[in-house]
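Working notes, beginning with the structure itself.
Remember, it's a predicted structure, so these values are computed and weren't measured experimentally.
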Amino acid sequence: MQFKLKTNFKMIPDQEKAVKTLSDGLMSNQRYQTLLGVTGSGKTFTMANVIEKVQRPTLIISHNKTLAAQLYQEMRDLFPENAVSYFVSYYDYYQPEAYIPSTDTYIEKDADINETIDKLRLAATTNLLTRSDTIVVASVSCIYNIGSPREYGHFVFEFTEGMKITREQIMDRIVDLQYERSEFGFNRGTFRVRGDSIDIYPAYLDNGIHIELAEGKISKVEMINVITGHKVEPKEGFDPSNFILYPAKHFMTNPETYKDVFDHIRADLNIRVKQLKSEGKILEAHRIAQKVTYDLEMIQEVGYVKGIENYSRYFDGRAPGDAPFSLLDYFNEPYKKDWMLIVDESHMTFPQIRGMFNGDLARKQTLIDYGFRLPSALDNRPLRFEEFMRRVPNFIASSATPNEWELSMSEGKKVELLVRPTGIPDPLVDVRPIKHQVADVIEEIKKTAAKHQRTLVTTMTKRTAEDLTAYLNEQGLKVQYLHSDVATLDRTDILDDLRNGKYDVLVGINLLREGLDLPEVSLVAILDADKEGFLRSDVTLIQTMGRAARHVEGRVIMYADKITGSMQRALDEVSRRRKYQLEYNKKHNITPVSITKPIREKLIDREEGERAPWLFGSKEPIYDSLPHLDVDAMTPMEKKRLIKNLQTEMRLAAQDLNFELAAEIRDKIKQIDM
């Protein structure tokens, strides 16, 4: 299929020029290009037009999940007939396997996998192997090991109506693809058997597949609603009667290779045991022998074990030190170099990609040194930056503040989008003293709310954001905080609630910087703006101020007692852009108009009860002792939410070695759940 852009928007001359320049560069094999686009200039719309023009599968990488979700929604709306996918880390809660030698503490890997995000990840890889009209919006998790695309593509089960096959043979093939039989709970990645019929819930679809058998062959294949079991009419171009079922997990192992792979693992295990014993590490030698033997027995019996990715190098046939397979290989395998990469907010995304490898290495090396993992675990890792660069055919770096590195890679050339289609110039900036900044910002928020407009406030720390949120709430303001501890899907809902008017103000730290599309926001307040550092660098300040550039009355208040170098550079750049924009408006007789955008369909439809209330909400325990909780005054739904949050707080207290508090919370959970 062809990429087909569907929109009522028309490109302005600056956007047309940018699309032509970027498209011509791609078609002439110019590997690296940079797009400098101010907030609200239509960078996403420009990129969508580039995708339609060059007709190549596209990977868009964003540096955080909130922006990735927003980009996914935008691209899904712009390309409704094409395969737009979302690929981010699927953990709601993730504690990586680790060992702390100083306290002899082993922390087993613990994770709460978000089933919906897991489904979207599997849909992304399936789309890439089956459709050329695929756009994948991803976070930097796309550089992590997910298993070989060849193995994943090899493990498929293709069946058609009229195919000669027995019920037992179908069940064996489904189990090989890591689907589990479940007669009572029909969830993604499971199947159930009813007489001569089998229902499968593919891990990457929203509907199930119903198979009926008669006289030793498949008599009917149809798509069904997983709740009612009723037949569902498939989308145009999708024929369930000729269906290809893909695996339920990315990491797949081929039983035919078990003997060779197991022999290799055991040989490496023997070498490692001898090495540890020679160093006098008898306990570590025993530990690794026991661990690996157990894992191999589990893989032999069920084809899977927790932490199987640490053996991926053996099953993938990679040599020690070889780069792991990642989402990039799912592009390169079917399309070679005929695809394109867009790096959104590149000034943040590229540094993140660079830093992933070293952080992972330090944790894994400790596990290896103390006998919890074989040295091969080091090969289950994110890509090094140079490996990443070798795997991408090209990139378009998109940012309002690109770094020198992106500009140097594009030979100092950049495509600029300084004009907004709405004619709105960069906001006016007011610098005020820090003294009484909270009282002052409260008055400004109230003035803004009276005009049915919204406010963003940025602080220096998460705790300050939470405390300020509580204080603003006491002052009668409708307020919520937004930072990295808030669950992925909840962030998008909070932003929608801000736009809907449920909140007048959001308080945050760094999540209120890049890319957030909030046309209702007319005021951005930056507290402690003169605290020089990463959170108050010129790049950060420019990006934060840009959140007010989508409203015709947009303004920024910086609270500072002195003008730092970063503040001055940011003020100079905003002034340069504003001057250019006002001259452009005068030349073309443009009257600025605020952006009006409908609130998009939610990333994932969820019941109200699934929203996290963040009664505690920090990744560090907030309380030294459990506060009084009036459980009797709570509804059953509130109790359920409270238990969920208390369980999280209990784990965090235990990780902080505050076992007395963890035990107190455990007892409270039991009391509530009686």
Before you tell me yes or no, could you show the steps for S410 and T34 under side chain to side chain donor-acceptor pair (under 3.5 Å), namely the whole-Å CA-CA distance, both residues' side-chain angles and the distance that decides it to 0.1 Å?
CA-CA 6 Å; S410 56; T34 300; 3.0 Å; yes
Do we see a donor-acceptor contact under 3.5 Å between the side chains of Y311 and D295?
yes
Under a 3.5 Å threshold, yes or no: a donor from one side chain and an acceptor from the other, between T401 and Q543?
yes
Which of these, L341, T134, V137, I135, sits in a side chain to side chain contact (heavy atoms under 4.5 Å, CB included) with L59?
L341
Looking at residues at least two apart in the chain, or sitting in another chain, which of them share a side chain to side chain donor-acceptor pair (under 3.5 Å) with R391?
none
Please name all residues satisfying salt bridge (Lys or Arg N to Asp or Glu O under 4.0 Å) with E386, sequence neighbours left out, ordered by chain then number.
none
Keeping S537 on the side-chain end and T540 on the backbone end, is there a donor-acceptor pair under 3.5 Å?
yes
Can you check whether Y335 and Y330 have ring centres sitting under 6.0 Å from each other?
no
May I ask you to test the R384-N358 pair for a side-chain heavy-atom distance under 4.5 Å?
no
Is a donor from one side chain sitting under 3.5 angstrom from an acceptor on the other, for T39 and R547?
yes
Going by atom types only, do N207 and Y201 share a side-chain donor-acceptor pair under 3.5 Å?
no
Side-chain contact test, heavy atoms from C-beta onward, threshold under 4.5 Å: evaluate it for F357 versus F385 and give yes or no.
no
Does the distance from a Lys or Arg side-chain N to an Asp or Glu carboxylate O, for E387 and R381, drop under 4.0 Å?
yes
